[in-house]
> 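Submitted below is the structure of interest, expressed as structure tokens.
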Amino acid sequence: MDKVVKLIDDVGRLLANYYPAYLTGIRNTLILAIVATLIGCIIGLICGILNTIPYSKNDNIFKKFILKFIRIIVRAYVEIFRGTPMVLQAVFIYFGLPYFTDAQVAFRGNSGMWMASIIVVSINTGAYMAESVRGGIMSVDPGQTEGAKAIGMNHVQTMLYVVLPQAIRNIIPQIGNNFIINIKDTSVMFVIGFIDFFAQHRNIIGVNNMNFPSATIEMVGYLTLTLIASFLLRALERKLDGADNYELVNVDPLVMAAGTYNHPDKRDIFEERSKEYKGKEDN
């Protein structure tokens, strides 16, 4: 119990002395995660669409060659960036560019670190999103595409107005999952000098050596960020799903009229009979 009290006291002292640094790290983490996720989604959307453009045996050789070549490029991109750690991708891009250009082109200063970090996290996210988008497009019922073609839509119109709206709704959970992953994985950007939430932790423990109390703050901070992100994303999913009931259809005149007319043979006191039928009944 004494250790718990000491931990709480140490955490309180760290927050009192270094809370501006922690807040700056949280801000940088969120900005990087949001921007990189948005750019990664755009990259993944483009790659997913390019990877699903159909072609048939009757198409000309040039079209088939171009589409096959595009699919090879997209596949290579996906496999490379899904199959290597992000921390090594950051090192490769940040230090590789000046290496191959003899320092003529390099990421310099704070803006250079931001640019390099956004590029790394974005292209890594895009590699995962490319497969998610491809899966989302393939999950749409083929009858939707056939129906669109039957009413005269071309491939672009079918994708824009029929397939993609449904595919994007299907992959929203994966987009949210990638965003949450990016909140945590931005911590590897410290290898190129980017100051995020985790980098602030490393700087602070370098001054006072209070490793575990600072790590506790980091754990609680990351957990809080991911829980808030999960809550907001679930709210967005519910919003896109629409209402849970359809009571509004009761105002439809046809619905209101349903069941108010009975067959004349059903001797009900509330039934309505036409004058012609009443005349025949009286006779």
Side-chain angles (χ1 to χ4, degrees), residues 3-4 6-41 43 81 84-97 106-129 175-236:
K3 291 295 184 181
V4 174
K6 185 177 185 306
L7 174 62
I8 294 174
D9 181 64
D10 289 340
V11 168
R13 287 193 290 117
L14 282 176
L15 289 176
N17 294 327
Y18 300 104
Y19 77 90
Y22 284 119
L23 291 178
T24 300
I26 290 174
R27 182 199 64 190
N28 292 347
T29 293
L30 286 176
I31 293 174
L32 178 58
I34 292 171
V35 173
T37 301
L38 291 175
I39 297 175
C41 287
I43 295 173
F81 285 95
T84 55
M86 188 188 294
V87 62
L88 291 180
Q89 295 168 12
V91 172
F92 188 86
I93 292 175
Y94 187 78
F95 296 105
L97 189 60
F107 299 100
R108 295 183 174 87
N110 187 58
S111 60
M113 284 187 293
W114 270 98
M115 183 177 296
S117 300
I118 291 174
I119 291 174
V120 172
V121 182
S122 297
I123 58 180
N124 185 275
T125 303
Y128 286 93
M129 285 307 305
I175 294 175
N177 186 52
N178 281 325
F179 174 60
I180 291 174
I181 290 174
N182 284 342
I183 290 177
K184 299 178 295 181
D185 284 357
T186 54
S187 59
V188 304
M189 292 298 109
F190 78 90
V191 298
I192 62 174
F194 183 77
I195 306 299
D196 72 328
F197 193 29
F198 182 73
Q200 292 288 16
H201 158 72
R202 290 173 58 86
N203 294 338
I204 290 170
I205 64 173
V207 175
N208 52 40
N209 203 30
M210 298 175 66
N211 204 321
F212 185 72
S214 183
T216 302
I217 296 173
E218 293 285 311
M219 289 285 287
V220 174
Y222 276 115
L223 181 60
T224 302
L225 292 177
T226 55
L227 288 176
I228 293 174
S230 297
F231 174 78
L232 294 176
L233 289 166
R234 291 185 185 278
L236 176 61

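Computed from a predicted model, the values in this text were never measured in an experiment. Note: hydrogens, waters and symmetry copies are ignored here, and every other heavy atom, side chains too, is used.
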> Taking the side chain as C-beta and beyond, is there a heavy-atom pair between D196 and M189 under 4.5 Å?
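Result no, sub-4.5 Å side-chain heavy-atom pair not found.
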> Show, in sequence, the C-alpha distance, side-chain angles and deciding distance for H201 and N211, and conclude whether the side chain to side chain contact (heavy atoms under 4.5 Å, CB included) test is met.
CA-CA 8 Å; H201 158 72; N211 204 321; 3.8 Å; yes
> Where is the tightest heavy-atom contact between A229 and I180, given as atom of each residue plus distance?
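Between these two residues, the closest heavy atoms are CB-CG1, 4.1 Å.
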> Mind checking the CD1-CD1 spacing from I26 to I183? Nearest 0.5 Å is all I need.
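Separation between the atoms: 11.0 Å.
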> Contact between V87 and D185 at the side-chain level, heavy atoms closer than 4.5 Å - yes or no?
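No, every pair of side-chain atoms sits at 4.5 Å or beyond.
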> Tell me the closest heavy-atom pair linking L223 and T226, and the distance in Å.
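Nearest pair, atom of L223 first, then T226: O-OG1, 2.9 Å.
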> Any side-chain heavy atom of F107 sitting closer than 4.5 Å to one from M113?
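The answer is no, as the side chains (C-beta and beyond) never meet within the 4.5 Å cut-off.
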> Please round to the nearest 0.5 Å and tell me the distance separating atom CG of L232 and atom CZ of F179.
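One finds 8.5 Å between CG of L232 and CZ of F179.
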> Can you tell me how far apart CD1 (I175) and OG1 (T125) are? Round to the nearest 0.5 Å.
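It comes to 11.0 Å.
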> Within the 4.5 Å heavy-atom criterion, are Y18 and Q200 side-chain neighbours or not?
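No - every pair of side-chain heavy atoms lies 4.5 Å or more apart.
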> Using a strict threshold of under 4.0 Å (side-chain N to carboxylate O), is an ion pair present between D9 and K6?
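Here K6 does not pair with D9 in a salt bridge, since their nearest N and O are not under 4.0 Å apart.
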> Which value, rounded to the nearest 0.5 Å, describes the distance between I228 atom CD1 and L233 atom CG?
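Result: 12.0 Å between the selected atoms.
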> Do Y128 and I181 pass the side chain to side chain contact (heavy atoms under 4.5 Å, CB included) test, and can you show the C-alpha distance, the side-chain angles, and the key distance before you say yes or no?
CA-CA 11 Å; Y128 286 93; I181 290 174; over 6 Å; no
> May I have all residue pairs that pass side chain to side chain donor-acceptor pair (under 3.5 Å) and include part of residues 21-32, sequence neighbours excluded?
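Output for this query lists Y22-S214.
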> Would you name the heavy atoms of I192 and A116 that are closest together and state the gap between them?
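Looks like CD1-CB, 4.0 Å.
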> Quick one: which of I204, D10, L14 gives a side chain to side chain contact (heavy atoms under 4.5 Å, CB included) with I217?
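Exactly one option meets the side chain to side chain contact (heavy atoms under 4.5 Å, CB included) with I217, and it is L14.
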> Does F92 CZ have over 12 foreign heavy atoms under 6.0 Å away?
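Count not over threshold, so no.
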> Are T186 and F197 packed together at the side-chain level, in the sense that at least one heavy-atom pair is separated by less than 4.5 angstrom?
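Of all side-chain heavy-atom pairs linking F197 with T186, none is under 4.5 Å.
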> Measuring from atom CG of N203 to atom CZ of F190, what distance do you get when rounded to the nearest 0.5 angstrom?
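So the gap between those two atoms works out to 11.0 Å.
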> For R234, does the CZ atom sit with more than 12 other heavy atoms under 6.0 Å from it, leaving out its own atoms?
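Atom CZ in R234 is not crowded, with 12 or fewer foreign heavy atoms closer than 6.0 Å.
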> Mind listing the closest non-hydrogen atom pair of V120 and A90 along with its distance?
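Here V120 and A90 meet closest at CG2-CA, 3.7 Å.
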> Taking distance alone, no hydrogens or angles, what donor-acceptor pairs closer than 3.5 Å link side-chain atoms of residues 30-39 to residues at least two apart or in another chain?
| unit_1 | atom_1 | unit_2 | atom_2 | d |
| --- | --- | --- | --- | --- |
| T37 | OG1 | A33 | O | 2.5 |
| T37 | OG1 | N182 | ND2 | 2.9 |

> If you define the side chain from C-beta out and look only at heavy atoms, does anything of I205 sit under 4.5 Å from M210?
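No; the side chains remain at least 4.5 Å from each other.
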> Please collect all side chain to side chain donor-acceptor pair (under 3.5 Å) contacts where either partner lies in residues 112-124, sequence neighbours excluded, each pair once.
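Sorted pair list: Q89-N124.
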> Drop me the distance from F212's CZ to M219's CE, to the nearest 0.5 angstrom.
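Atom-to-atom, F212:CZ and M219:CE are 8.5 Å apart.
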